Amino acid sequence: MNATTQKTTLPDDLPRIIAMRDMLPVESDGSIEISFGNRMLRFSSVAPEGWFAVHHTDAESISRAKIVLFIDTYKRVVVLSADPLASFYEFACQEAWVEAAGGIVESDAGEVVMIRRNERWDLPKGHREMGEEFSECAAREAMEETGAKVDSVERLLVTTLHSYNFYGKWELKLTAWYHMRGKKQPLTPQTEEGIICAEWIARQEIKEKIKGSFPTIQRVFDAFLE
């Protein structure tokens, strides 16, 4: 099925998005995914088994509204394109672009900081400020949302893309997730951000905690635990 419209001019946000090329979660085969909560949108040249396929050509443009309707219905949607990244750029330009960072703070004993928000176990993260490095943002947000003191930012674990409707405005968030280290100390959840608790979680308890978490959080821990 085709979810395209007549070709239109892309908005001015495109250079900003293209500038993030090295941070985008592009897979080795050129595919790239966006999470819509528990639902997924994939841009690829090959259709994964069981995914609803939408074909995109250079002569047409992608309709975000139609794609969202397909995601609501089919849960797993793949946009098939000879140039998946170009198709992604065209889709991304139809949403407000947001950059964020967060991650996993680990103690010397191997315990990690997790937060509880919206009835799910999650990780601290937040919007990147003007001129701030992604790694600096990750450390700042971890401290603000949990009270954890970050001693060092070790490495970038993974980046993810998440699309959501924010009070009637669609946003597309690129989040960089880092492995950080800090000494174990009492935590203070940032309740004004909807965080009801922040806890140090033993490594052997992580898999059980994240069973109900969003796929993006599970992906972060997959990279951390590998």
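Fair warning: this is a prediction, and the values are worked out from it, not measured in the lab.
Under the side-chain hydrogen bond (donor to acceptor under 3.5 Å, both in side chains) criterion, S44 pairs with S31, not counting sequence neighbours. Annotation: side-chain hydrogen bond (donor to acceptor under 3.5 Å, both in side chains) contacts of S87 (sequence neighbours excluded): H56, S81. By the side chain to side chain contact (heavy atoms under 4.5 Å, CB included) test, A138 pairs with A101, Y178, M180, sequence neighbours left out. Taking A202 as the reference, Q204, E205 meet the side chain to side chain contact (heavy atoms under 4.5 Å, CB included) condition, with sequence neighbours excluded.
With S107 contributing its side chain and A109 its backbone, the two residues share a donor-acceptor pair below 3.5 Å.
Among the candidates K183, K184, R181, the single residue satisfying the salt bridge (charged side-chain N to carboxylate O under 4.0 Å, His left out) test with D151 is K183.
For the residue pair E95/S163, the side-chain donor-acceptor check at 3.5 Å is satisfied. Using modelled atom types and a 3.5 Å distance limit, the side chains of W177 and T160 yield a donor-acceptor pair. A donor-acceptor pair shorter than 3.5 Å can be found between the side chains of W97 and E99.
Screening residues 192-203 for salt bridge (Lys or Arg N to Asp or Glu O under 4.0 Å), with sequence neighbours left out, gives E106-R203. Among residues at least two apart or in separate chains, side chain to side chain donor-acceptor pair (under 3.5 Å) pairs with a member in residues 214-226 are E33-R219.
For the pair F36 and F91, the tightest heavy-atom approach, listed with the atom from each and the gap, is CZ-CZ, 4.0 Å.
Stacking of R120 on the aromatic ring of F214 is recorded, both the 6.0 Å distance cut-off and the 45° axial limit being met.
Between R140 and E136 there is no salt bridge, since none of the side-chain N atoms of the basic residue sits less than 4.0 Å from a carboxylate O of the acidic one.
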